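Reviewing the structure listed below.
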Amino acid sequence: MVETQIPMVNPGGESTMMGQWRIVLRQAEEAARGGRFEEAYALASRPEVADHHQAVQLRSRLGLELIARAARRGAADDTTGAIDDLHTAERLGAPPDSLAAARLGLADRAVDEIRASLDAGEPSQALERVEELARHKISGPALRRCREIAEAWQAATAEARRGEFGQAHEHLDRAERLAAGAGVSAAQTAIAAARPDLETRQKTAAPKVEALYTALAGGEWPRILAAAEAVVAVIPEHPAAKQARARAWQQIAAIGPSSGSKWVNRSPRADRPVQPAREPDRTPGAGDQRDEPPPIAPYADRRQPRIFPAFRSVPPAPLHPAAERPVARADAGGPKGRFLLWADAVGGFLVCLDDRIILGRAGPDSPADVPLMGDLSRNHAALVRSNESYLIEPHHPSFVNGKVVTEPTVLRDGDVIRLGSTVELEFRQPSPVSATARLAIVSRHRLPIAVDGVLLMAETCIVGAESQAHIAAPAMKDSVVLYRQGPSLWCRARGSFEVDGRTCASRAPLTLNSSVLGDGFSFSLEPLAATSV
């Protein structure tokens, strides 16, 4: 007997399609029960089930369930989670009335947090939180009243920082009235406690502002600068004081160090050897002129900046002991901190040995390793040496090649650094085999020390005529190298030379008070005090 096989027939796939929508809806329900509301909504919105009454009901229920979960999260102080749920509910088409009621309830719960900031005397923090909630559509009468209190209080603070004390008192009065009307007694007390501080600042500022205008009438820029600094210390945003300070820095930087600089001048050390490149001319009857150097124009009167000048390849002029040098004010030992290098026939240089160098405004209390006479912050930016490269860490407005930098940025040879609005420095690394860098001031600003440049010394510092030298001295026949070895600085030069009167061959250790005399070169070191932080 032969069996006959009857083929199964699928009538057009209709039964399969009818079963598929049930599967999709079942998956949507399971996603909703698991709290995966967006997944459930996506399943319930698929074309094969979107118009089915069960899918429509599920989509409506999802929005309400999200609103309910937002309320539970708000009650548990999970404001962020509650806001997220309300955003999702709105996107899924939840009823607007239900959303508005949920947001109002969340606003009422957030009021306690805002009032706590006001009670603590932090109106800016309270205002920031109110504005953040408003961006998420969380608002209500209580929050609006807290916002008005915070805005009036913050306006009083801002006006006080500008020196507008009359308006500051008016805003503080309004903030206190609003707090009393809202029944926020703790905030009212905190606002009242701010009034004596405002009155004290006003009394302190009055004579300083008067002194500033008196100085402005006199037109003496060092005096104007001191008066402006005194006003800004009490009233940080005083418009006239800030403008006067910026203008004074421009004028003082243009003319050089002021008479009030902490870098006092002195005569050169008697034990500093000087080797002239050639003997001065002597004519019959002229007498011995070695002790009578020709007058040197003050640093303030020089028309061209002396930062890394271009030396001419001609024999240098007769050398004489410098008439003025800044006093070294520290006992520094070992290769750390800062020192001054005075190279005869070349110039003076500020040498920084540390891996982190602070750039900032000059002043007796400045922590800056490189103090600049300009309208900057005391700790404006830092240069950090990392292996063979340097980073600039901006603490206040800083730019590299005209582009603002807000985070640590790698510097490259030739980059121009701008600090604030006017101070510009050129960063150079002339030698590919040395991490030592130099800074050239390309704006008209100066340091309060009459030096020719700033060096960030890594392992070596080359002085010579070659293009890779860190200190350019075209008149030198052979280069001289300063380098670190162990806890000391060393000098290496061709042939023999003297260090502190002692004859050395090829290389010798130095102290930060050493004087070096060799064939065709002479230089000395002076230590500087560590900067205060």
Side-chain angles (χ1 to χ4, degrees), residues 28-42 44 58-158 171-172 174-194:
E29 292 282 359
E30 290 175 355
R33 284 192 295 270
R36 304 189 305 276
F37 294 106
E38 291 191 354
E39 179 185 342
Y41 188 84
L58 177 58
R59 290 198 299 270
S60 299
R61 191 173 76 246
L62 289 175
L64 296 174
E65 289 183 2
L66 276 166
I67 291 174
R69 190 172 74 174
R72 293 193 297 272
R73 285 183 167 180
D77 293 330
D78 182 10
T79 305
T80 302
I83 290 174
D84 289 341
D85 282 345
L86 292 179
H87 279 315
T88 304
E90 183 177 25
R91 192 164 58 251
L92 300 187
D97 292 345
S98 299
L99 283 170
R103 285 172 173 148
L104 184 59
L106 195 58
D108 291 338
R109 291 185 181 279
V111 166
D112 292 339
E113 176 188 353
I114 309 302
R115 286 178 175 171
S117 296
L118 292 173
D119 296 346
E122 297 289 345
S124 58
Q125 181 178 333
L127 185 59
E128 182 180 348
R129 182 57 175 158
V130 170
E131 291 176 346
E132 181 185 1
L133 292 170
R135 288 193 293 269
H136 296 294
K137 303 181 182 180
I138 308 300
S139 183
L143 273 184
R144 285 193 292 271
R145 180 55 60 91
C146 287
R147 179 172 191 155
E148 291 174 351
I149 296 170
E151 285 178 339
W153 194 351
Q154 190 175 46
T157 303
H171 287 299
L172 206 60
R174 182 170 183 270
E176 193 171 0
R177 289 196 304 271
L178 289 170
V184 189
S185 56
Q188 185 180 1
T189 302
I191 295 169

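The figures that follow rest on heavy atoms only: side chains count, while hydrogens, waters and symmetry mates do not. The model shown is predicted, which means the values in this text are computed figures rather than measured ones.
Here the straight-line distance linking atom CD1 of Ile114 with atom CD of Gln125 works out to 8.5 Å at 0.5 Å rounding. Taking CD of Glu113 as the reference point, atom SG of Cys146 lies at 11.0 Å (rounded to 0.5 Å). Summarising the geometry, atom CD belonging to Glu122 is positioned 5.5 Å from atom OG belonging to Ser124; distances are rounded to the nearest 0.5 Å. One distance of note links CG of Leu172 with CZ of Arg177; it measures 10.5 Å at 0.5 Å rounding. Considering CG of Asp84 and CZ of Arg69, their distance stands at 9.5 Å, rounded to 0.5 Å. Annotation: the span from Ile83 atom CD1 to Thr88 atom OG1 amounts to 12.0 Å, rounded to 0.5 Å.
Residues satisfying the side-chain hydrogen bond (donor to acceptor under 3.5 Å, both in side chains) criterion with Arg147, sequence neighbours excluded, are Glu151. Taking the side chain to side chain contact (heavy atoms under 4.5 Å, CB included) definition, one finds that Ala102 meets it with Ile67, Leu86, sequence neighbours left out.
In plain terms, the two heavy atoms of Trp153 and Leu118 that are nearest each other are CZ3-O, 3.4 Å. Heavy atoms only, all atoms of each residue included: Ala126 and Ala150 are closest at CB-CB, 4.4 Å. The two atoms that bring Ile138 and Arg103 nearest to each other are CD1-CG, 3.7 Å, heavy atoms only. The shortest heavy-atom contact between Ala192 and Glu176 is CB-OE2, 3.7 Å. Shortest non-hydrogen contact noted between Gly140 and Ala107 is N-CB, 4.1 Å. Minimum heavy-atom separation, Asp119 to Ala190: O-CB, 3.7 Å.
The ring-ring contact (aromatic ring centres under 6.0 Å, His included) analysis of residues 86-108, with sequence neighbours excluded, yields the pairs His87-His136.
Summarising the local packing, CD of Glu131 is surrounded by more than 12 heavy atoms from other residues, nucleotides or ligands at distances under 6.0 Å.
Look at Arg135 and Glu132 and you find no salt bridge, because none of the NZ, NE, NH1 or NH2 atoms lies under 4.0 Å from a carboxylate O.
When atom types are taken as modelled, the side chain of Arg174 and the backbone of Ala152 share no donor-acceptor pair closer than 3.5 angstrom.
At a threshold of 4.5 Å between non-hydrogen side-chain atoms, the residues Leu64 and Pro95 count as touching. Between Pro141 and Val111 the shortest side-chain heavy-atom distance does not fall below 4.5 Å.
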